[in-house]
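Following: one structure in C-alpha cells, then a few remarks.
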Amino acid sequence: MSIQHTVKLRRGATVAATAVLALAVAGCGGGGDGKAREPQKPAAGKSQDNAPQPPASGGAASQAPTQVLATVNGEDGMVMTINSATREVGGFLTISGQFKNGGGADYAKTPAWRGNELTQSGTSIAGVNLTDKTGKKRYYVLRDTDGRCLCTTGIALIERGATVPFFAQFPAPPASTSEVEFNLPTFATATIKISG
C-alpha cells in the first residue's frame, strides 16, 4: 500500500470521527441556547399513564358522575348517591358513588359504616351489604388475603359541604338478578339496578 493511499484513508477516518463527535456533542447540548431544558409536564388533570387522578382529600371530585341510580339520606345531613353498579370480569360487582355532607357541621360518625365486621381495614365502609330479594341471598363486601375490605377505607371525617367518592366490591349475584338493595349503616336502604 502506498503512502499516499494510507494518508487518504487516515484523512477519511479523521473526518468520519470528527462528524460522529460533532453529532454526539450536538445531541447532548440543550439546543444551543445555554439553558437547561425542563422535562415536559403532562397536560393538567392527566398523569403520564392517563390514569384518572383521585380527587383531593375531603374536597369535591373534579367531575361529578352524571348517572344516578339512587340517592338516600343518612343522619346529620349526610346524603349518599350511588352512580354505578357494574358486573366485572371474574364474577364481581362493583358499586360506586359519593357521600355529601349537607349538614351544618363536619361529620365524624363514619366508624359506624364499618358495621360489626372485623377487618384489617380500619375506618371503612366494610359494614355495607347487598340483599338479593329475588334470590333470597345477602352479599358482603369482599376481602383481600390480608383481611382488608375491597372498599373505600380511611374516611374518618367528612367536612361540612364536602363530597367524598366511595366504592365497594361484592361477589356478583346471578345474571338473572337485575336489582339489589344496598345497605350501609346510618343510611336508608337504596334499591339499585345492576348493569352489565
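We use all heavy atoms of the structure for the numbers below, so side chains are in, but hydrogens, waters and symmetry mates are not. Keep in mind that what you see is a predicted model, and the values were worked out from it rather than measured.
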query = So, for Pro173 and Ile194, which heavy atoms are closest and what is the spacing to 0.1 Å?
reply = CG-CD1, 4.1 Å

request  = Find the distance between CD (Glu88) and OG1 (Thr94) and round it off to the nearest 0.5 Å.
outcome  = 4.0 Å

query = Where do Pro185 and Ala112 come nearest, in terms of heavy atoms and distance?
reply = CB-O, 3.4 Å

request  = Indicate yes or no: at least one non-hydrogen side-chain atom of Cys151 is less than 4.5 angstrom from one of Val128.
outcome  = no

inquiry  = Less than 4.5 Å apart, side chain to side chain, heavy atoms only: is that true for Ile125 and Phe99?
reply    = yes

request  = Examine Val79 and Phe187 and state if one hydrophobic cluster contains both, with Ile, Leu, Val, Met, Phe, Trp and Tyr joined whenever side-chain heavy atoms are less than 4.5 Å apart.
outcome  = no

task = Could you list the residues that satisfy side-chain contact (heavy atoms from CB on, under 4.5 Å) with Glu181, not counting sequence neighbours?
result = Thr131, Lys133, Asn183, Thr189, Thr191

request  = Just jot down the side-chain contact (heavy atoms from CB on, under 4.5 Å) partners of Pro171, sequence neighbours excluded, or say none.
outcome  = Tyr139, Leu142

query = So, does Lys100 use its side chain to make a donor-acceptor pair with the main chain of Val164 at under 3.5 Å?
reply = no

task = Not counting sequence neighbours, which residues clear salt bridge (charged side-chain N to carboxylate O under 4.0 Å, His left out) with Glu179? List them please.
result = Lys193

ask   = Between Asp132 and Val180, is there a donor-acceptor pair closer than 3.5 Å when you use the side chain of the first and the backbone of the second?
value = no

remark   = Taking every heavy atom of Ala168 against every heavy atom of Val141, the minimum-distance pair comes out as CB-CG2, 4.0 Å

request  = Please step through side chain to side chain contact (heavy atoms under 4.5 Å, CB included) for the pair Leu130 and Ile95, ending with a clear verdict.
outcome  = CA-CA 10 Å; Leu130 299 178; Ile95 298 179; 3.5 Å; yes

Those residues that, when tested against Asp144, pass salt bridge (charged side-chain N to carboxylate O under 4.0 Å, His left out) (two or more places apart) = Arg148

key: side chain to side chain contact (heavy atoms under 4.5 Å, CB included) between Thr110 and Leu157, worked out   = CA-CA 7 Å; Thr110 60; Leu157 176 89; over 6 Å; no

note = Taking every heavy atom of Ile192 against every heavy atom of Ala70, the minimum-distance pair comes out as CG2-CB, 3.8 Å

ask   = Can you check whether Cys149 reaches Gln169 side chain to side chain, under 4.5 Å on heavy atoms?
value = no

task = Apply side chain to side chain contact (heavy atoms under 4.5 Å, CB included) to the pair Met78 and Thr186, showing each step before the final yes or no.
result = CA-CA 9 Å; Met78 288 298 299; Thr186 76; over 6 Å; no

message = Can you list everything that forms a salt bridge (charged side-chain N to carboxylate O under 4.0 Å, His left out) with Lys136? Sequence neighbours excluded, please.
response = none

Partners passing side-chain hydrogen bond (donor to acceptor under 3.5 Å, both in side chains) against Ser84 (at least two apart in sequence or in another chain) = Ser96

query = What residues form a side-chain hydrogen bond (donor to acceptor under 3.5 Å, both in side chains) with Thr81, not counting sequence neighbours?
reply = none

Point-to-point distance, once rounded to the nearest 0.5 Å, from CG of Asn73 to CE of Met80 = 9.5 Å

message = For Asn101, give me all partners under side-chain hydrogen bond (donor to acceptor under 3.5 Å, both in side chains), at least two apart in sequence or on another chain.
response = none

key: Contacts of Phe170 that satisfy ring pair (Phe, Tyr, Trp, His ring centres under 6.0 Å) - sequence neighbours left out   = none

request  = Say whether Phe167 and Phe182 are linked into one hydrophobic cluster, either directly or through other cluster members, by side-chain heavy-atom distances under 4.5 angstrom.
outcome  = no

message = What I'd like to find out is whether the side chain of Trp113 reaches to under 4.5 Å of the side chain of Phe166, using heavy atoms alone.
response = no

request  = Could you tell me which residues satisfy side-chain hydrogen bond (donor to acceptor under 3.5 Å, both in side chains) with Ser195, sequence neighbours excluded, listed by chain and number?
outcome  = none

note = residues 164-173 vs salt bridge (Lys or Arg N to Asp or Glu O under 4.0 Å), sequence neighbours excluded, gives none

ask   = Do Leu184 and Val72 have side chains that get closer than 4.5 Å, going by heavy atoms?
value = no

key: Minimal non-hydrogen separation, Asp106 against Arg160, with atom names   = OD1-N, 2.8 Å

note = Residues at least two apart in sequence or cross-chain that pass side-chain contact (heavy atoms from CB on, under 4.5 Å) with Lys109, listed by chain then number, are Glu75, Asp76, Tyr107

key: Evaluation steps, side chain to side chain contact (heavy atoms under 4.5 Å, CB included), between Val68 and Asn83   = CA-CA 5 Å; Val68 174; Asn83 301 109; 4.1 Å; yes

